[in-house]
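Being a predicted model, the structure only gives us computed values, none of them experimental. Order of appearance sets the numbers: ligands from 1, and atoms from 1 within every ligand.
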Amino acid sequence: MTTKFKFPNNFWWGSATSGPQSEGRFNKLHRSVFDYWYDIDPEAFFDKVGPDVASNFYNSYKEDIAMIKDIGLNSVRTSIQWTRLIKDLETGEPDEDGVRFYNDIIDEFIKNNIVPVINLHHFDLPVELYDKYGGWESKHVIDLFVKFAETAFKLFGDRVKYWTTFNEPMVVVEGEYLYKFHYPLISDGKKAIQVLYNINLASSKAIQKFKKMGYNNNGGQIGIILNLTPSYPRSQDEEDAKASEFADDFFNNSFLSPAVKGEFPESLVKILKDDNVIWESTDEELQIIRENIIDFLGVNYYQPRRVKAKEFLYDNSRGWMPDKYFDNYDMPGKRINPYRGWEIYPECMYDIAINIKNNYGNIPWYISENGMGVEGEEKYINSDGIIEDDYRIDFYKEHLEYLYKGIEEGSNCFGYHTWTPIDCWSWTNAYKNRYGFIAVNLKTQKKTIKKSGRWIKEVSKNNGF
Ligand code: BGP
């Protein structure tokens, strides 16, 4: 078989998960906001399934990593749970079993020639820090996060070469502070903007710590994982285009620009100032943001955002919301993944690649998540007991073709990670939609490689398809 799309040498073929979505809550000393939310309101989760067992990675990591190896992945991202690693949240003192567990999994990945990419925050703030200080609304919590980061760097920085500070910080802003889909289910634009700023600062301060500790000189690199949802206006009309630019600035560039260039988008800052909702910042903090930019970028891409100018005047009784400046546009004829309700638009991979190349200094970057969640995959099981997920293979191929085009035109992309190696728990959808190369039977915890798992093995071996 010839390889039509051959990717750059040493390309990462891998997949991503997170601590809270794979490990299970076994032996944790603290509860995250999600653990707590499940404890007080299990109804909020599909089939009332919470993060208690997840995919049992805490207990079965050896077998799981062996399967990941078996499907040919050369790199994997997971995250360290703050609520597992840290015993004393104020000092950053680690917990013995947390240290043992993360040492074990990192060593196991390396032993299997799988590059571990370690993320620090994947929506899993310790709930105590929300109750005591207001979580990401508080600058004290930023400093506690840096202590957690420091402990993690110290413990694992000798072996882990690729670190990321946050996964999809915009989802914290949107889910927790604007659109109420994650606990604490607040809708408050002013708080949201402070949280947006504080997480940017937390990321920069963690990067600063990493550099001060000398890990950069040791071949270590540190980045951030952003969910980019590029905006496409309904038409080329000036009003639609303006709405789309705002949506891009707010939902994408408000993290992308500080991370890569050390500064917030000027146009956004102006609007927030004019509207009197700008964050509280100091010159010293802004300097930290300016001086501590990322080494590499991870992009989670699932869907674009379709935008139009506002149909009606904004209802000010909602307080300030980004929705003051745009409406989402329900584009007729768009392709949709019906299970997740997200648009499928592979062309966007190319647009992202070119945007990074032209507007973000062509920084080294990789696709850190891309995937298709499907409900009821049992119906695709063949007589050998294998899920034939051809739809997923097609989805990946289409996305990779557009990524390839961007790379051919010079975009500095060094890898492609899917979501996710092994079916894992999702934030409120629990195990409704499955994304993995490897299926999990929730009743027995038996894991079985899907057809896409066999496919990715070939792709990884041939460095393309
Ligand atoms: C991303 C998150 C992942 C994962 C994925 C799939 O936004 O970083 O944690 O959950 O989306 O989405 P979902 O689980 O909501 O279907």
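- The pair R25-D35 meets the salt-bridge criterion, since a charged nitrogen lies less than 4.0 angstrom from a carboxylate oxygen.
- Considering only non-hydrogen protein atoms, atom 15 (O) of ligand 1 sits nearest to R340 NH2, 2.8 Å.
- Shortest contact from atom 13 (P) of ligand 1 to any protein heavy atom: S426 OG, 3.4 Å.
- Here is the list of ligand 1 atoms found below 4.0 Å of a heavy atom in E369: 1 (C), 2 (C), 3 (C), 5 (C), 8 (O), 11 (O).
- Side-chain contact annotation: N355 with Y360, donor-acceptor N/O pair under 3.5 Å absent.
- If you look at W419 and Y301, their ring centroids are not closer than 6.0 Å.
- The pair R84-D95 does not meet the salt-bridge criterion, since no charged nitrogen lies less than 4.0 angstrom from a carboxylate oxygen.
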Between K447 and D64, is a side chain to side chain contact (heavy atoms under 4.5 Å, CB included) present by the stated rule, with each step listed? CA-CA 8 Å; K447 290 165 179 153; D64 291 0; 3.0 Å; yes

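- A salt bridge links K432 to E375: at least one charged side-chain nitrogen sits closer than 4.0 Å to a carboxylate oxygen.
- Residue contacts with ligand 1: Q21 is placed with a nitrogen or oxygen under 3.5 Å of a nitrogen or oxygen of the ligand (distance criterion only).
- With Y329 as the aromatic partner, K308 does not meet the cation-pi criteria of under 6.0 angstrom to the ring centre and within 45 degrees of the ring axis.
- Considering backbone and side-chain N/O atoms, W342 never comes within less than 3.5 Å of an N/O atom of ligand 1.
- Under 4.0 Å is where a charged nitrogen must lie from a carboxylate oxygen, and between D104 and K62 no such pair does.
- Of all protein heavy atoms, the one closest to atom 5 (C) of ligand 1 is Y302 OH, 3.3 Å.
- No N or O atom of N433 sits closer than 3.5 Å to an N or O atom of ligand 1.
- Protein heavy atom in closest approach to atom 7 (O) of ligand 1: E168 OE1, 2.5 Å.
- For the pair N167 and ligand 1, a heavy-atom separation below 4.0 Å is found.
- Annotation for ligand 1: atoms under 4.0 Å from non-hydrogen atoms of H122 are 2 (C), 3 (C), 8 (O), 9 (O).
- Looking only at heavy atoms of the protein, atom 6 (C) of ligand 1 is closest to Y435 OH, 3.4 Å.
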